[in-house]
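In what follows, a structure is listed as structure tokens, so that the remarks can point back to it.
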Amino acid sequence: MSVRRSTVIFAWILLLPALLYVAVIVAYPLVDTFILSFTDASLKKTTKWVGTANYDKIFNATFAEVIIRTFVWTAFSVAIKMIIGTFGAVMLNAAVPGRALFRVLTMPPWIVPMAIGIFMWGWMYNGQFGMISGLLQNLGLVSGPVAFLAHGSTAFWATIITDVWIGVPLVTLYMLASMQAIPQDLYEAAWTDGAGRFYRFRRITLPLLVPSMITMSMLSLIATFNSFDIIWILTQGGPNGDTTTMIIDTYRTAIGSKKYGEGAARAVLICIFLSIFCITYFRVTHRLASGESR
């Protein structure tokens, strides 16, 4: 056996655990869900092949609203997390007294179990004994109790605020690590030339953070698009479906109504959207890498 062939065999042996993991954990459920989406699978004993009937059912005005709401919810949440997280990273990266303490204080939303944090926000949103409603009344901004989760517009923004609170620490720490990886020689040279702090941030920090910002935005987008716990614990998609996103609608259809075929079709659609996001991300990062190498 040649050395080259033995090297190739050894490489495949090393890759085998990863390939098995992808095949069992990722590929098989994905293929099974795709096949299931073309059936009328439910609690009944017999399952029939229905072709594209499940997809025909979801392409209606109601589900179109769910899709639009999901994109709007995701866009606002990710944008706010990136803005606050980047700004927080800039503050934590600055040479100010107590910086280590501030870094520790950014961790609680990430450390606290998600369910506990969401229940805490649900208590604060309560109109009768919630802290936010009570504070607004004490300040004279509202005349009576405000049940934030009982009205569609306020419930929508309440879920976004909760998602931002949970997601900001990760964005902050990631952007902080990216900032600290920037060579200090660049800042020293700019400072020697008389460049101000804002100029250094605009011409050095921000351009070098673009790849990290794109990566973090994509990771946050995928996690937010698939976010289930926050909306389900706070509103379960209500009131009147005003906080129902695609993942909530899929859960209601597949688990709540036991319509597994229709739920699988919705899951496939979510997978298609996320695949488009990932392809876009890889193309953007490839262009950035090509530009840097020139």
Side-chain angles (χ1 to χ4, degrees), residues 18 73-118 120-121 159-227 229-230 274 276-294:
W73 193 85
T74 302
F76 274 106
S77 181
V78 172
I80 297 173
K81 280 187 282 189
M82 290 302 302
I83 293 172
I84 297 178
T86 304
F87 180 78
V90 172
M91 295 295 101
L92 293 177
N93 194 47
V96 296
R99 181 173 59 177
L101 176 61
F102 292 141
R103 290 180 180 179
V104 173
L105 293 177
T106 62
M107 296 301 294
W110 199 27
I111 296 175
V112 173
M114 183 180 293
I116 295 177
I118 298 171
M120 179 193 70
W121 277 98
T159 55
I160 289 179
I161 292 173
T162 305
D163 184 69
V164 168
W165 180 81
I166 292 174
V168 159
L170 177 61
V171 177
T172 302
L173 294 177
Y174 185 87
M175 298 308 297
L176 178 61
S178 300
M179 288 181 185
Q180 293 181 339
I182 298 175
Q184 293 299 314
D185 296 345
L186 299 176
Y187 293 107
E188 293 174 359
W191 180 80
T192 303
D193 292 338
R197 179 173 297 179
F198 178 74
Y199 182 87
R200 295 197 300 269
F201 175 79
R202 184 169 60 89
R203 300 303 297 269
I204 298 176
T205 306
L206 199 57
L208 293 178
L209 282 181
V210 169
S212 298
M213 294 177 70
I214 293 175
T215 300
M216 190 68 249
S217 297
M218 184 55 56
L219 293 175
S220 179
L221 186 149
I222 294 174
T224 304
F225 196 91
N226 279 324
S227 181
D229 308 60
I230 295 172
L274 293 179
I276 293 173
F277 296 153
C278 292
I279 292 172
T280 303
Y281 163 70
F282 286 124
R283 287 187 175 180
V284 171
T285 53
H286 177 71
R287 289 181 181 178
L288 287 175
S290 300
E292 291 176 356
S293 62
R294 292 177 183 175

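Nothing here was measured: the structure is a model prediction, and the numbers come from that model. Atoms considered below: every heavy atom in the structure, side chains included; atoms not considered: hydrogens, waters and symmetry mates.
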Using the rule given for side-chain contact (heavy atoms from CB on, under 4.5 Å), can you reason through Leu206 versus Met213, listing the C-alpha separation, both sets of side-chain angles and the distance that settles it, and then say yes or no? CA-CA 9 Å; Leu206 199 57; Met213 294 177 70; 4.2 Å; yes

Donor-acceptor pair, distance only, cut-off 3.5 Å: does the side chain of Thr224 make one with the backbone of Ser220? yes

Please examine the side chains of Val171 and Ile84, heavy atoms only from C-beta on, and report whether any two atoms are closer than 4.5 Å. no

Audit row: Ile80, Asp163, side-chain contact (heavy atoms from CB on, under 4.5 Å) steps and yes/no: CA-CA 10 Å; Ile80 297 173; Asp163 184 69; over 6 Å; no

Mind checking whether Met175 and Val90 have side chains closer than 4.5 Å, heavy atoms only? no

Could you check Cys278 against Ile222 for side-chain contact (heavy atoms from CB on, under 4.5 Å), going step by step and ending with a plain yes or no? CA-CA 9 Å; Cys278 292; Ile222 294 174; 3.8 Å; yes

State, with a plain yes or no, whether a side-chain heavy atom of Met120 is found less than 4.5 Å away from one of Val112. no

Can you tell me how far apart OG1 (Thr172) and CG (Asn93) are? Round to the nearest 0.5 Å. 12.0 Å

Atom CD1 in Ile160, atom OG1 in Thr74: separation rounded to 0.5 Å? 9.0 Å

Kindly determine whether Met218 and Thr215 satisfy side-chain contact (heavy atoms from CB on, under 4.5 Å), including the steps that lead there. CA-CA 5 Å; Met218 184 55 56; Thr215 300; over 6 Å; no

Measure the spacing between CD1 of Ile279 and OH of Tyr281 and express it to the nearest 0.5 Å. 14.0 Å

Kindly compute the distance separating OG1 (Thr205) from CD1 (Ile182), expressed to the nearest 0.5 Å. 5.0 Å

Going by heavy atoms in the side chains, are Trp121 and Ile161 under 4.5 Å from each other? yes

Where is the tightest heavy-atom contact between Ser227 and Ile230, given as atom of each residue plus distance? OG-CD1, 3.9 Å

For Phe76, look at atom CZ and say whether over 12 heavy atoms of other residues, nucleotides or ligands are found less than 6.0 Å away. no

Separation of Met179 CE from Thr86 OG1 (nearest 0.5 Å): 6.0 Å

Separation between CG of Leu221 and CG of Asn226, rounded to the nearest 0.5 Å: 9.5 Å

Which atom names give the shortest non-hydrogen contact between Trp165 and Gly117, and what distance separates them? CZ3-CA, 4.1 Å

Non-hydrogen side-chain atoms of Val78 and Phe225 separated by less than 4.5 Å: no

Does CZ in Arg202 sit with more than 12 non-hydrogen atoms of other residues, nucleotides or ligands closer than 6.0 Å? yes

